[in-house]
Amino acid sequence: MSSQSEKVFKSAGIASFAVLLSRIAGLVREGVMARLFGAGPSADAFVIGFRIPNLTRDLFAEGALSSAFVPTFVDYLHKGDRKEAAHLANLVATAIILFVGAFCIFGIFISPWLITMLTQNWAATAPEKTAEAIKLTQIMFPFLMLVALAAQAMGVLNSCNQFAVPALSSTWFNVGSVASGLMLGFWAGPRIGISKIEGMAYGVVIGGALQLFWQVPSLIRSGFGFRFAFDFSHPGLRQIFRLMGPAIIGNASVQVNVLVNSFFAASIVDPVRGVDGATTWLSCAFRFMQLPLGLFGVAIATATLPAIGRSAASGDMDEFRETLARSLGLVFLLTVPSSVGLMILGHSIVGAIYEGRRFEPYDTHQTAVALSCYALGLAGYSAVKILTPAFYALKDARTPMLVSLGSIVVNAVVASTLIRGAHLGHAGLALSTSSVALISFLVLFWVLMVRIGGIHGRRLRTVIMKVSTASLLMASVVWVSSTVVTGWLGSRVFGRLMDLAISIPLGLGVLYWACRSMKVEELEMATRALGGPILRRFSALNAKLSS
């Protein structure tokens, strides 16, 4: 294994540990929201209200901007011109403040039209729900600019091989948003005239500010303190804009798919809940998907992007292929078993986190169904996170753009067929999303394989077959364990917590034994990468206690 791949795995481990804390904090935030607001009209309105600024965040901040900025910034660092790299970072931050800030103001003004168009069924049957969604959207739109600056700061720190601090930044968002939201909505709200759900919306903006400012000290220590800079003819900035153009178009198709699915979700009439519920069930289910997706897919992609950027910049395509293949192998090792686990333990996972107060057993069941359907596409989601930046590192933003645009057609056809033809409701939307992820992965992988002369395809197929076999063995053991535990202790919170406490470690043990028996090459590196940060922290703690 090359030293570059070794560094990627170690960086992925650090990022994964930090992302794990962030995702756990996110689940706590979602659990608080679910118990306080259930799957009712206010919860649905909040999900839709957050959707527009959150989608534009994915489009501008964590999508096109990060993918275009990091390779360009790494190229400047690779040339040894740190002063010019700092100037480029300031130019990008200034552009974000100007352009994204203006976009936020524009978005606040057009929110009534956007939300009404997106929730036509609500506007006709529950106009008060649409009005609430409009107000929440306007409150949360400034979140976009804050998180765009946070994403650029993350790109700078990752390029300097600092992964823990930026990965922990979203933990500050989750903790800050729920803490400030509860304070504003439930304590100060009655005194200052805002509703509980509006307080949670203001909390999102405060959380976005914390996500940015958490990274500022590390930026300053690294020599990248912010200063306003204006030079739109700068070659580095123009290169970023050139890469962002196709990337925005390509990533826009993903956001279009989400908006299409939001439109379909708002049009679903559940036999029990009517127009309420479907939007919240899908949002809650996807939140669970984000745990393994962030822990494995995004973390590995974050660590891989600077590495493959350096390989592409130096023209070392052998190292480029090796790093990419190892990263994909690690993704499959971690996401295929995760998908199986989410499908089998979905009811216990959702019930343990969400169920209680206003989130009822029926909501748990519907959310678990959506989670199972989303889980089918987890490996595809994660692999696309690896492959798309690989094209950008090769200065090719056109291919991901075309594949992403094609996914709009796939999503619309599959979603419409599954909802209106097969009458699968919100489960059909989750299945269509998984279909798009898997198809996008297959197309991107084939194109990149042809372009760079292979990505160790035979080795990857071997990894996938071995991991799939181990996952099926794990699934059978976990299913028996879960059935026995819930049959004995019931499906209340305690029974579900015990199911997770017993079935998850048992499943991991079986998976580890099976992968080790079949000599899955990535297993040892995954163990060292994911367990290393924890072991080092325990060792440091023991050393302090002993001294």
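Quick note: numbers below take in every heavy atom, side chains included, and nothing from hydrogens, waters or symmetry partners.
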Answer yes or no: is there a donor N or O on one side and an acceptor on the other, between the side chain of [X] and the main chain of [Y], under 3.5 Å?
| X | Y | answer |
| --- | --- | --- |
| Ser434 | Tyr374 | yes |
| Ser283 | Thr280 | no |
| Asp499 | Val485 | no |
| Asp270 | Gly277 | no |
| Arg35 | Glu355 | yes |
| Ser476 | Leu473 | yes |
| Ser177 | Asn174 | yes |
| Glu198 | Ser195 | yes |
| Lys466 | Met518 | yes |
| His426 | Ala265 | no |

Is there side-chain contact between [X] and [Y], with heavy atoms separated by less than 4.5 Å?
| X | Y | result |
| --- | --- | --- |
| Thr116 | Trp122 | no |
| Arg516 | Leu523 | yes |
| Met117 | Phe263 | no |
| Cys284 | Tyr354 | yes |
| Phe391 | Leu444 | yes |
| Val336 | Ile464 | no |
| Leu378 | Ser338 | yes |
| Arg496 | Thr364 | yes |

inquiry  = Applying salt bridge (Lys or Arg N to Asp or Glu O under 4.0 Å) to Arg358 and Asp363, what does each step give before you reach the verdict?
reply    = CA-CA 9 Å; Arg358 299 187 65 179; Asp363 301 315; over 6 Å; no

request  = Evaluate the criterion ring-ring contact (aromatic ring centres under 6.0 Å, His included) for residue pair Tyr381 and Phe286; output intermediate values, then yes/no.
outcome  = CA-CA 12 Å; Tyr381 268 118; Phe286 199 73; 5.8 Å; yes

Once you round to the nearest 0.5 Å, how far does [atom1] of [X] lie from [atom2] of [Y]?
| X | Y | atom1 | atom2 | answer |
| --- | --- | --- | --- | --- |
| Lys385 | Leu328 | NZ | CG | 14.5 Å |
| Ile353 | Ser348 | CD1 | OG | 11.0 Å |
| Ile349 | Leu497 | CD1 | CG | 11.5 Å |
| Asn411 | Ser432 | CG | OG | 4.5 Å |
| Asn121 | Lys129 | CG | NZ | 9.0 Å |
| Ile268 | Asp276 | CD1 | CG | 12.5 Å |

Worked verdict on Thr486 versus Met498 for side chain to side chain contact (heavy atoms under 4.5 Å, CB included) = CA-CA 8 Å; Thr486 54; Met498 289 303 297; over 6 Å; no

request  = Show your reasoning for whether side-chain hydrogen bond (donor to acceptor under 3.5 Å, both in side chains) applies to Ser111 and Gln138.
outcome  = CA-CA 7 Å; Ser111 290; Gln138 292 172 326; 4.9 Å; no

Counting only heavy atoms not in [X], do more than 12 fall under 6.0 Å of its [atom1]?
| X | atom1 | value |
| --- | --- | --- |
| Lys135 | NZ | no |
| Met465 | CE | no |
| Phe494 | CZ | no |

Closest approach of [X] to [Y] (non-hydrogen atoms, all atoms of both residues):
| X | Y | result |
| --- | --- | --- |
| Ile48 | Ala133 | CG2-CB, 4.2 Å |
| Gly425 | Ile419 | O-CG1, 3.6 Å |
| Ser407 | Val436 | CB-CG1, 3.5 Å |
| Leu376 | Leu438 | O-CD1, 3.7 Å |
| Gly507 | Val478 | CA-CG2, 3.6 Å |
| Pro53 | Thr137 | CD-CG2, 4.3 Å |

ask   = Run the side chain to side chain contact (heavy atoms under 4.5 Å, CB included) check on Ser503 and Leu345 step by step: do they pass?
value = CA-CA 8 Å; Ser503 298; Leu345 298 175; 4.0 Å; yes

Output field: ring centroids Tyr202/Phe143 closer than 6.0 Å = no

inquiry  = Check for me whether the distance between the ring centres of Phe50 and Phe141 falls short of 6.0 Å.
reply    = no

task = For Trp446 and Met449, run side chain to side chain contact (heavy atoms under 4.5 Å, CB included): C-alpha distance rounded to whole Å, both residues' side-chain angles, the deciding distance at 0.1 Å, then the answer.
result = CA-CA 5 Å; Trp446 180 79; Met449 181 179 63; 3.9 Å; yes

key: Phe332/Phe441 under ring-ring contact (aromatic ring centres under 6.0 Å, His included): CA gap, chis, key distance, verdict   = CA-CA 12 Å; Phe332 292 127; Phe441 156 65; 5.6 Å; yes

ask   = Using 30° and 60° as the class limits, which term best fits the ring planes of Trp281 and Tyr362: parallel, tilted or perpendicular?
value = perpendicular

request  = Using side chain to side chain contact (heavy atoms under 4.5 Å, CB included) as the criterion, point out the one residue from Thr130, Ile134, Leu114, Thr125 that pairs with Thr119.
outcome  = Thr130

key: From Ile455, Thr388, Val443, residue fulfilling side chain to side chain contact (heavy atoms under 4.5 Å, CB included) relative to Leu448   = Ile455

task = Evaluate the criterion salt bridge (Lys or Arg N to Asp or Glu O under 4.0 Å) for residue pair Arg273 and Glu360; output intermediate values, then yes/no.
result = CA-CA 12 Å; Arg273 294 292 169 80; Glu360 300 174 357; 2.9 Å; yes

task = Test Trp479 against Thr483 for side chain to side chain contact (heavy atoms under 4.5 Å, CB included), laying out the working first.
result = CA-CA 6 Å; Trp479 181 82; Thr483 302; 3.7 Å; yes

